[in-house]
Amino acid sequence: MNHFTNIKDISYKNLRKILDDAKKRKFKRKNLETLEIDKDKPLKGNLLIQMFEKSSLRTRLSFYLAIRQLGGSALTLRPDELHLSRGAESVSDTAKILSTYGNIFMLRTDDEKKIKSFSKFLSIPLINGLSPESHPAQILSDIFTIEEITKRRVSKLNICWIGDSNNVLNSLIEASIKFSFNLNIGCPKNYNPSKEILNYIKNNIGKVKIFNKANEAIKNADVVLTDKVISMNDKVDKKKKIKDFLKFKLNSKLMSLSKDAFLLHCLPRGNEVTDEVFYGKNSKVWQQALNRVHVQKSILLFCLNKLR
Ligand code: CP
Ligand code: NVA
């Protein structure tokens, strides 16, 4: 079995295998309805247990559809229903029980340590459905969307991130190193990625560049990604942070400095992008959201060693 907790812990070969499988599966079920099961039913009889300690719309629905389309079922736990949330049961005992009843566990958490401890104590695979430091399923799916739209390998493209140095960006940086693509980051000076991430960039031969001016970062971009300035549970002076990012708001003028780039946004959105850009012809955010289902199916199969 394999955990899927960070892009950096998975080999390029396996990441590519997941994308290839997703492409084939998506194509094969072109004429099937949402809940119709893939013909080969590869996860028949399997139970995905998912738990969200933070809000979610897309991740919750897309993992549900993913396991159902593979022939399995999903059970969504509310953390407040578990003894764990009151400190009345340990992570290790909870993990044992999850491993006894289920086949795979997906966790969205505000506590990075929980990802580490669950991955240690579970004897079934763990998927990180967003943590303070990463959002790997989102980014792998975004790589899929980028290649689907451009019909080119991501390694041949200039990717640009305009926005906060958050969990989504961390996973994008890891992807840039794994897939070897140019990544320009545009963010205000006081909002650069953490020292740990900067060291990771330095220690791996990558193509990541950080600009503190949006117009410099976006130059020559084929794809522009962004995310909310204020992430869930971001403990900052919100008014100040939004003000600090004003020059990084994606408007038509800023987008026009790119190579006619298309926009991706993991959603939900805040005020980091104008309506004109968000609902404009170069916005691919809805296609991006739906692709989560397809890529996560192949992530589930990877986790259970069932990738063809
Ligand atoms: N992009 C994303 O993870 O959305 P949700 O928070 O709605 O799951
Ligand atoms: N950076 C955002 C992503 C939401 C999908 C957050 O953590 O809230």
Side-chain angles (χ1 to χ4, degrees), residues 4-7 22 48-68 74 76-79 105-115 126-146 161-175 183 185-188 191-194 197 223-238 241-242 244-245 248-250 263-273 278 283-297 299-300:
F4 186 88
T5 55
N6 277 305
I7 300 266
L48 164 71
I49 302 174
Q50 48 176 1
M51 183 162 82
F52 295 87
E53 294 182 346
K54 292 163 113 171
S55 312
S56 168
L57 173 63
R58 284 143 286 265
T59 307
R60 183 190 305 270
L61 292 175
S62 53
F63 269 108
Y64 174 79
L65 291 181
I67 187 84
R68 290 292 307 267
T76 302
L77 301 176
R78 282 175 37 173
F105 182 49
M106 208 261 348
L107 175 66
R108 170 169 287 196
T109 180
D110 210 16
D111 179 358
E112 201 65 43
K113 280 191 278 187
K114 261 199 196 143
I115 296 286
L126 172 69
I127 296 177
N128 179 352
L130 183 147
S131 65
E133 285 172 22
S134 66
H135 197 1
Q138 174 74 54
I139 284 300
L140 192 56
S141 174
D142 293 350
I143 304 298
F144 178 89
T145 303
I146 290 169
W161 171 273
I162 302 286
D164 191 26
S165 294
N166 62 15
N167 43 9
V168 180
L169 175 61
N170 291 347
S171 292
L172 184 63
I173 291 171
E174 293 177 13
L183 173 62
I185 298 166
C187 63
Y191 297 90
N192 281 345
S194 68
I197 298 286
V223 187
V224 178
L225 293 94
T226 189
D227 186 12
K228 275 192 183 194
V229 171
I230 313 284
S231 280
M232 288 184 273
N233 301 356
D234 203 352
K235 289 172 191 65
V236 286
D237 178 341
K238 296 190 170 89
K241 193 170 179 188
I242 289 174
D244 291 345
F245 273 82
F248 292 80
K249 185 166 181 152
L250 284 171
L263 173 79
L264 295 183
H265 191 313
C266 60
L267 306 179
R269 74 178 276 222
N271 55 0
E272 61 288 336
V273 52
F278 186 76
S283 172
K284 303 289 179 191
V285 299
W286 313 116
Q287 180 176 346
Q288 172 188 15
L290 186 58
N291 275 337
R292 299 278 306 274
V293 176
H294 299 290
V295 175
Q296 286 163 194
K297 287 166 73 176
I299 291 174
L300 290 167

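Just so you know, ligand 1 is whichever comes first in the structure, and atom 1 is the first atom listed for that ligand.
Atom 4 (O) of ligand 1 has Arg58 NE, 2.9 Å as its closest protein atom, hydrogens excluded (heavy atom only). The protein non-hydrogen atom at the shortest distance from atom 6 (O) of ligand 1 is Arg108 NH1, 2.8 Å. Among all protein heavy atoms, the one lying closest to atom 8 (O) of ligand 2 is Met232 N, 2.8 Å. Nearest protein heavy-atom neighbour of atom 3 (C) of ligand 2: Asp227 OD2, 3.5 Å.
For the side chain to side chain contact (heavy atoms under 4.5 Å, CB included) criterion with Ile139, the lone passing option out of Asn170, Leu169, Leu172 is Leu172.
The atoms of ligand 1 that sit less than 4.0 Å from any heavy atom of Ser56 are 5 (P), 6 (O), 7 (O), 8 (O). Heavy-atom contacts of Leu267 reach the following atoms of ligand 2: 5 (C) (cutoff under 4.0 Å). Each of the atoms 1 (N) of ligand 2 lies under 4.0 Å from some heavy atom of Asn166. Residue His135 has at least one heavy-atom neighbour below 4.0 Å for each of these atoms of ligand 1: 2 (C), 3 (O).
Residue Leu267 touches ligand 1 through its backbone alone, judged by heavy-atom distances below 4.0 Å. Residue contacts with ligand 2, taken as heavy atom pairs separated by less than 4.0 Å, involve Asn167 solely via side-chain atoms from C-beta onward. Looking at Leu130 against ligand 2, only its side chain comes within 4.0 Å, counting heavy atoms.
Using a 3.5 Å distance cut-off with no hydrogens or angles, the side chains of Asp164 and Tyr191 do not pair a donor with an acceptor. For the residue pair Arg60 and Thr76, no side-chain donor N or O sits within less than 3.5 Å of a side-chain acceptor on the partner. A donor-acceptor contact under 3.5 angstrom links the side chains of Thr145 and Asn291, judged on distance only. A donor atom on one side chain and an acceptor atom on the other are found under 3.5 Å apart for Ser131 and Glu112. Between Asp142 and Gln138, the side chains place a donor N or O and an acceptor N or O closer than 3.5 Å (distance only, hydrogens not considered). Under the 3.5 Å distance criterion, with hydrogens and angles disregarded, a donor-acceptor pair is assigned to the side chains of Asn6 and Ser134.
The N/O atoms of Leu57, backbone and side chain alike, include one that comes under 3.5 Å of an N/O atom in ligand 1. Backbone and side-chain nitrogen or oxygen atoms of Cys266 are examined, and one is located within less than 3.5 angstrom of a nitrogen or oxygen of ligand 1. By the 3.5 Å distance cut-off applied to N or O atoms, Lys54 is not counted among the residues near ligand 2. Residue contacts with ligand 1: Gln138 is placed with a nitrogen or oxygen under 3.5 Å of a nitrogen or oxygen of the ligand (distance criterion only).
In terms of modelled atom types and a separation under 3.5 Å, the side chain of Asp234 and the main chain of Val236 share no donor-acceptor contact. Within the 3.5 Å criterion, the main-chain N or O of Phe278 finds a donor-acceptor partner in the side chain of Ser283. Panel note: side chain Lys114, backbone Thr109; no donor-acceptor pair is recorded below 3.5 Å.
Selection from Cys266, Ser131, Ser231 by nearest heavy atom to atom 6 (C) of ligand 2 gives Ser231.
Contact analysis leaves Lys54 out of contact with ligand 1, as no non-hydrogen atom separation drops below 4.0 angstrom. Heavy-atom distances between Thr59 and ligand 2 stay at or above 4.0 Å for every pair.
A cation-pi contact, defined as under 6.0 Å to the ring centre and within 45° of the axis, is absent between Arg78 and Phe52.
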